[in-house]
2 protein chains.
Amino acid sequence: MKDKTGLSERRKKILNALVDSYITDAEPISSAAIKDKYMPDVSTATIRSELATLEEMGYLNQPHISAGRVPSSKAYKFYVDNILSSEAQFDEQEIKSVLATKYASIKEIVKDSAKIVSDVTNYTSMLMISSTDNITVNDVKVIDMYDGTALVLIVTNNGSIKDKTIKLPESNIANYIEVANGLLYRTFAGKRLVEIVHSHNVIDAQLKDFEQLFEQVLNMIIDYKNARESQIQIEGKDKIFNYPEYNDVNNVKNFMSIVNDQDKLHEIVKDKDGSIEFSIKIGTEDDEQLSDMAVVSAKYKFSGEEVGQLGVIGPQRMDYKKVLSVLKEIGNLFDNN
Amino acid sequence: MKDKTGLSERRKKILNALVDSYITDAEPISSAAIKDKYMPDVSTATIRSELATLEEMGYLNQPHISAGRVPSSKAYKFYVDNILSSEAQFDEQEIKSVLATKYASIKEIVKDSAKIVSDVTNYTSMLMISSTDNITVNDVKVIDMYDGTALVLIVTNNGSIKDKTIKLPESNIANYIEVANGLLYRTFAGKRLVEIVHSHNVIDAQLKDFEQLFEQVLNMIIDYKNARESQIQIEGKDKIFNYPEYNDVNNVKNFMSIVNDQDKLHEIVKDKDGSIEFSIKIGTEDDEQLSDMAVVSAKYKFSGEEVGQLGVIGPQRMDYKKVLSVLKEIGNLFDNN
DNA sequence: TTTTAGCACTCGCATAGGTTGAGTGCTAAA
DNA sequence: TTTAGCACTCAACCTATGCGAGTGCTAAAA
């Protein structure tokens with residue numbers, strides 16, 4: 001009985017057993033260990049010959065000839081596909097109760113989601129804000145403060161507000177502020193950030209007295225967009241020290257350099273296919289930097305709108321079941337908010 | 001010729017030479033090495049006997065009997081005192097020119113100061129905002145936005161503004177907002193944050209209709225104070241991988257745990273004596289966590305007002321001369337702004 | 001054809017012994 | 001007080017050796 005992977009049921013069982021075991025113990029698994037824990041009714045010799053085949057097929061590696069087998073990237077990929085296609089395995093109830101006992105309100109969970117994911121999964125987590133394509137400016141207001149300074153407020157459709165004090169230009173126009181507010185509203189309100197940023201000539205037609213003000217507002221919008229786009233929050237960097245693969249300083253170094261490299265992270269999590277909910281990248285040998293690393297992330301929505309991605313970075317030997325269930329559960333909390 | 005350290009000039013010279021050498025090479029120094037590089041006119045035997053005395057006095061350690069000597073915490077302390085008391089050694093001109101060529105404007109330097117310090121010194125850096133004791137509230141304003149929501153602005157004397165949208169309570173008071181603004185101004189303007197936070201009963205005497213609003217404003221002030229107090233920005237965590245003492249994962253782990261522990265950092269840098277400009281903490285053996293670590297930090301002022309501390313965290317074997325000059329130079333830039 | 005027992009083989013790991021060389025402490029003379 | 005000289009120590013490195021875990025292969029059993 002085979003499917004598209006070309007693996008017999010027994011080989012699948014062995015492969016899953018092996019990955020499972022490696023995820024918990026981080027040690028090469030011998031044929032005897034598999035027999036004892038998972039398949040007591042066949043001999044080690046049988047398992048050995050299966051292992052040899054699986055190795056030939058690229059699912060397993062052998063650190064050296066007299067060691068047990070270790071899963072390859074390909075094996076991890078098989079393993080997570082397997083989890084994903086059998087949703088029943090998610091232990092939702094348990095995760096839910098952990099979240100419920102540790103965190104009082106949903107509000108708290110939303111605010112600290114990255115931290116919580118890191119805490120509950122015991123891996124380093126990552127919160128990434130989506131592109132700003134869907135953000136629009138609702139209103140722009142200039143508020144008079146005191147002797148020549150004013151406050152500019154920009155209200156966007158996702159509720160956040162950017163403020164900044166500016167110096168008002170000298171002007172003898174009556175009701176300068178009121179007029180400015182009207183102009184600003186007509187120019188910016190209802191527009192998407194991208195539109196605004198890409199249409200520099202918007203201002204030219206206006207009166208000269210407002211040129212400087214418009215310039216400042218435009219810069220604020222650009223700054224806001226840039227800041228939002230590059231925001232990645234990382235939590236629990238220390239967590240990796242819990243895993244023996246990071247007893248080697250070089251691995252730690254490598255890990256830190258990835259985690260601190262915003263561009264790299266963006267590139268990894270970037271989704272080409274808009275429809276997938278979970279993104280699981282398991283590094284291959286090609287990418288030196290990502291070898292032996294895995295990144296699991298999920299899009300999350302808020303009031304139906306997609307706002308970002310939340311995920312976990314760690315060794316390939318990762319507890320995918322747990323990570324996936326946590327991400328899923330948190331995603332649900334967000335969405336039902 | 002001795003001073004309060006009780007060290008002869010020759011011993012001082014040897015001690016300085018030894019620390020200097022260890023700072024660059026990170027290797028135990030032998031009597032022969034000192035002779036060659038610093039004191040060719042005495043024999044190694046002489047130096048050896050001096051080394052033995054210095055070790056007895058607690059300035060030096062010997063990893064094992066047939067190795068050279070390594071500076072102790074006490075030696076580092078002696079070394080930095082020495083630097084501090086002879087300002088001439090600062091290589092200000094060089095630092096200045098590095099800063100000038102790498103960073104275009106002073107504005108840029110101020111904004112990214114932590115990053116710059118880390119870049120130029122090649123150590124992990126730390127930017128810490130001072131206590132909020134001197135911050136006062138200049139003004140509080142409620143601004144009507146749209147259907148029942150309003151924006152609260154709190155302006156402080158250091159220019160920053162905290163804003164938040166709130167829901168206005170149902171009320172049939174005419175000119176609710178105007179009245180509220182008056183009340184808020186009279187209650188909060190000119191007061192120091194500490195005062196406000198510690199006098200919860202301020203509101204009770206007021207009209208009931210404003211109770212909720214006052215509550216919200218008070219919470220904003222409390223949040224602001226807390227947020228400001230706990231802000232520590234760390235830059236260049238990876239830098240430590242450049243130093244051989246961090247080839248041991250345990251040291252890395254230890255380092256990371258300190259760097260991520262805001263409370264610990266506060267405690268380390270906290271100044272008891274308000275008059276010192278530089279704070280140099282060289283960990284002793286007592287504090288397990290801080291052994292073999294040093295933290296150098298400087299207060300920095302902005303327009304004459306002290307606003308925070310900027311510093312560097314690294315191994316005790318730190319290039320104190322360089323670090324101190326960089327911090328000093330940046331401090332000057334701030335102050336002359 | 002598949003499974004199994006048996007056995008020789010490989011190789012990492014741990015331990016022990018041997019050598020080398022850097023650097024010391026001590027002593028006795030300058 | 002300084003110096004030369006020398007014996008001594010010890011980490012670092014290498015080699016040898018045994019052990020044991022785990023394999024691959026083969027030939028017989030199912």
Side-chain angles (χ1 to χ4, degrees), chain A residues 1-2 6-15 17-19 21-22 25-72 75 244-245 247-248, chain B residues 1-2 6-15 17-19 21-22 25-72 75 244-245 247-248:
Chain A
M1 189 161 144
K2 298 183 175 187
L7 289 173
S8 70
E9 282 307 319
R10 190 167 69 187
R11 283 181 192 156
K12 284 187 194 171
K13 190 173 170 191
I14 291 179
L15 197 44
L18 198 139
V19 177
S21 170
Y22 192 68
D25 297 343
E27 300 213 321
I29 297 98
S30 72
S31 52
I34 294 181
K35 177 186 161 80
D36 289 353
K37 276 197 267 177
Y38 302 91
M39 324 188 76
D41 3 327
V42 289
S43 77
T44 59
T46 310
I47 295 173
R48 269 206 297 285
S49 80
E50 296 285 47
L51 289 177
T53 322
L54 284 167
E55 183 171 356
E56 234 165 62
M57 297 173 82
Y59 286 102
L60 302 179
N61 294 319
Q62 211 171 5
H64 55 88
I65 198 165
S66 71
R69 298 317 204 280
V70 158
S72 71
E245 28 273 87
N247 280 344
D248 179 346
Chain B
M1 188 162 145
K2 299 185 177 189
L7 289 174
S8 69
E9 281 308 318
R10 189 167 71 188
R11 282 181 192 157
K12 283 188 196 171
K13 191 174 170 189
I14 291 179
L15 197 44
L18 199 138
V19 177
S21 171
Y22 192 68
D25 298 342
E27 301 214 320
I29 296 99
S30 72
S31 53
I34 293 181
K35 177 185 159 80
D36 289 353
K37 277 198 267 179
Y38 303 89
M39 325 188 76
D41 3 325
V42 291
S43 77
T44 59
T46 310
I47 296 173
R48 268 206 296 287
S49 81
E50 295 287 47
L51 289 177
T53 322
L54 284 168
E55 182 171 354
E56 230 165 64
M57 295 172 82
Y59 286 103
L60 302 179
N61 294 317
Q62 211 170 4
H64 57 88
I65 199 165
S66 72
R69 297 318 205 279
V70 156
S72 70
E245 29 273 88
N247 280 343
D248 179 346

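Lettering follows sequence order; numbering is per chain, from 1. The figures that follow rest on heavy atoms only: side chains count, while hydrogens, waters and symmetry mates do not. Predicted, not measured: the structure shown is a model, and the values here were computed from it.
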For DNA chain C, what is the dot-bracket line, given that a base pair needs Watson-Crick (N1 to N3, plus N6-O4 or O6-N4) or G-U wobble (N1-O2 and O6-N3) geometry with both distances under 3.5 Å, and | means paired with another strand? ||||||||||||||||||||||||||||||
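Remark: the backbone N or O of G58(A) is paired with a side-chain donor or acceptor of S72(A) at under 3.5 angstrom.
Checking I65(B) against R10(B), the closest nucleotide of DNA chain D that is more toward the 5' end is the one next to R10(B).
To the nearest 0.5 Å, atom NZ of residue K37(B) and atom CG of residue L18(B) are 9.5 Å apart. The distance from the CG atom of L51(B) to the CD1 atom of I29(B) is 9.5 Å, given to the nearest 0.5 Å. Separating the CZ atom in R69(B) from the CZ atom in R48(B) is a distance of 9.5 Å, to the nearest 0.5 Å. Atoms CG and OG1, on D36(B) and T44(B) in that order, are 9.5 Å from each other to the nearest 0.5 Å.
Shown here for E27(A) and Y22(A), the closest heavy-atom pair between the two residues is O-CD1, 3.3 Å.
Taking the 5' to 3' direction, DNA chain D first and last meets chain B under 4.0 angstrom from a heavy atom at dT2(D) to dA11(D).
To the nearest angstrom, C1' of dC9(C) lies 14 Å from NE2 of H64(A).
Using a 4.5 Å heavy-atom cutoff, the side chains of M57(B) and L7(B) are in contact. A heavy-atom distance below 4.5 Å is found between the side chains of T53(B) and E50(B).
Among V70(A), I14(A), L15(A), the one residue that satisfies the side-chain contact (heavy atoms from CB on, under 4.5 Å) test with L60(A) is L15(A).
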Between V42(B) and R10(B), does the side-chain contact (heavy atoms from CB on, under 4.5 Å) criterion hold? Intermediate values first, please. CA-CA 11 Å; V42(B) 291; R10(B) 189 167 71 188; 4.2 Å; yes
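Contact check of residues 32-63 of chain B against DNA chain C (heavy atom, cut-off under 4.0 Å) returns R48(B), Q62(B).
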